[in-house]
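Throughout, a chain's letter reflects where its sequence line sits, starting with A, and its residues are numbered from 1.
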Number of protein chains: 2
Amino acid sequence: MPTKPTKKKPQVSAAAPARRRELLDTAAEVFAEQGYNATTVRKIADHAGMLAGSLYYHFDSKESMLEEILRTFLDELWGGYDAVLGAELDPRETLEALVTESFREIDRHRAAVAIYQKESKQLVAQERFAFLAESQRRFEKAWLSTLERGVAAEVFRADLDVRLTYRFVRDTVWVAASWYRPGGQHSPEEIARQYLSMVLDGIAVRE
Amino acid sequence: MPTKPTKKKPQVSAAAPARRRELLDTAAEVFAEQGYNATTVRKIADHAGMLAGSLYYHFDSKESMLEEILRTFLDELWGGYDAVLGAELDPRETLEALVTESFREIDRHRAAVAIYQKESKQLVAQERFAFLAESQRRFEKAWLSTLERGVAAEVFRADLDVRLTYRFVRDTVWVAASWYRPGGQHSPEEIARQYLSMVLDGIAVRE
DNA sequence: GTCCTTCCCTAACAAGTGTTTGGTAGGTTA
DNA sequence: TAACCTACCAAACACTTGTTAGGGAAGGAC
């Protein structure tokens, strides 16, 4: 067995992820609250109880913190989504599972979702954040195909514009991150249930 | 008739509003596209074909531009809303009229709506933008009372959480400003019609 | 012509920005 | 004990930020 050939590079390797995660969590919360551009590294350091320069022992740059926050979130999100999409459920069950899974992700990654919601549109232009565009494409494909399958199977109405419906559903789900608070009155599952009831059956009383 | 007692103050008075409006429109579009904090006064000046300092002949500050953009939008918005609310329509008609009016406002003030959507949460904390908080209260009151009237009149379902429903409806309507493009495939009225159909009757096929 | 207003430019300012460099207290290893 | 690594601090760097002060060209009023 040869001697260790490489020195540890704390800013790059996945070693000692504990403190790193901690700092990313606080950074994410400040980003979500104040907005990425309005957040200075000094504010992040304040919330973490250290000085601005010390952050650069753990991270290359402010931007790389943002990237890691979003990447981590999207990785977990697609873990859940792929499980749903691979389960071969019927269209209605798929939609219900996707919505429920989404609210669960909001519960777990509230800050990251809020950041994604606010900043992704501007970030996508940078090649560093090109992975956001790919995620959006997969996202759209998953939802649109589910809706179209439902229309074909005559469980969803055919007179609604599928693309418009997709946008409405998508936005309403994710924008919930702006008002949702973990530990509040409603659990993610309860919110999903109410939301699905509204979208599927409408709020009007049937005559 | 006495001689003119006061000199004109171009930065304050409502005189010569033509160029002022023009500049505010371009500023609003840059704010909406890049975000308020990420937008520098130099970028605004670029889009307007002038230099950064020249903006200060027309406006006191970058912040006052933002304030005027939002105030102008909210004034027009409430003009439309008050007309609807004062018409003494029944709950369902009121909801339909409010939604339709909202999409019309998005059509007319797309940039301002996008800015409001992105920045209002952080701005409300400043006392300069306290009018945003008051608008939000009126907004919530108008929508909640409409929904509650509908539940009382048994035209809206009683088993849905009114507050949750309000949030979903509110968010979906306004977040449309992020993807809506004037002159696109759908008119504001068409989008409102589709949206109302979804929210009122649901997307599921009735058996 | 002269005066005055409008509208913009040039050039700079102070404050705040992300980031880097060198150093150091404290624990771990040899 | 000596060497070393980890995680941070202190102080500065170059740059960008919103904003200001003074000036000047164009054009209408007199």
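Atoms CZ (A/F59) and P (C/dT20) sit 15 Å apart, rounded to a whole Å. With rounding to whole Å, A/I44 atom CD1 is found 10 Å from C/dT19 atom P. The CE-C1' distance, from A/M50 to C/dT19, rounds to 14 Å in whole Å. Per the geometry, CZ belonging to A/R20 stands 14 Å off C1' belonging to D/dA7, to the nearest Å. Look at CG on A/L55: it is 14 Å from P on D/dA10, rounded to the nearest Å. In this structure, A/Q34 places its CD atom 11 Å from P of C/dT17, rounding to the nearest Å.
The side chain of A/H58 places no N or O atom within less than 4.0 Å of a non-bridging phosphate oxygen (OP1 or OP2) of D/dT6. The phosphate of D/dA7 (OP1 or OP2) has a side-chain N or O of A/Y57 nearer than 4.0 angstrom. The phosphate of D/dT6 has neither OP1 nor OP2 within less than 4.0 Å of any side-chain N or O from A/R19.
Using a 4.0 Å cut-off between charged nitrogen and carboxylate oxygen, B/R19 and B/E22 count as a salt-bridge pair. Taking the charged nitrogens against the carboxylate oxygens, B/R92 and B/D90 have no contact shorter than 4.0 Å, which rules out a salt bridge.
In this view, B/Y166 satisfies the side-chain hydrogen bond (donor to acceptor under 3.5 Å, both in side chains) rule with no residue, not counting sequence neighbours. Residues that satisfy the ring pair (Phe, Tyr, Trp, His ring centres under 6.0 Å) test with B/F31, not counting sequence neighbours, are B/Y36. Here B/K118 pairs with A/Q122 under the side-chain contact (heavy atoms from CB on, under 4.5 Å) rule; sequence neighbours left out. In this view, A/Y116 satisfies the ring pair (Phe, Tyr, Trp, His ring centres under 6.0 Å) rule with no residue, not counting sequence neighbours. With sequence neighbours left out, the side-chain contact (heavy atoms from CB on, under 4.5 Å) criterion links A/S187 to A/E189, A/E190.
Within the structure, no pair that satisfies the salt bridge (Lys or Arg N to Asp or Glu O under 4.0 Å) test touches residues 24-53 of chain A, not counting sequence neighbours. Screening residues 168-180 of chain A for side-chain hydrogen bond (donor to acceptor under 3.5 Å, both in side chains), with sequence neighbours left out, gives A/D107-A/Y180, A/D171-B/W179, A/T172-B/T172, A/W179-B/D171.
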Would you tabulate the pairs of protein nitrogen or oxygen atoms and nucleotide nitrogen or oxygen atoms of nucleotides 16-20 of chain D closer than 3.5 angstrom?
residue : atom : partner : partner atom : Å
D/dG18  : OP1  : B/T39   : O            : 3.2
D/dG18  : OP1  : B/K62   : NZ           : 2.9
D/dG18  : OP2  : B/V41   : N            : 3.0
D/dG18  : N7   : B/R42   : NH1          : 3.0
D/dG18  : O6   : B/R42   : NH2          : 3.1
D/dT19  : OP2  : B/Y56   : OH           : 2.5
D/dT19  : OP2  : B/K62   : N            : 2.7
D/dT19  : O5'  : B/Y56   : OH           : 3.3

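Recorded end-axis angle for the helix from C/dG1-D/dC30 to C/dA30-D/dT1 stands at 10°, based on five pairs per end and rounded to 10 degrees.
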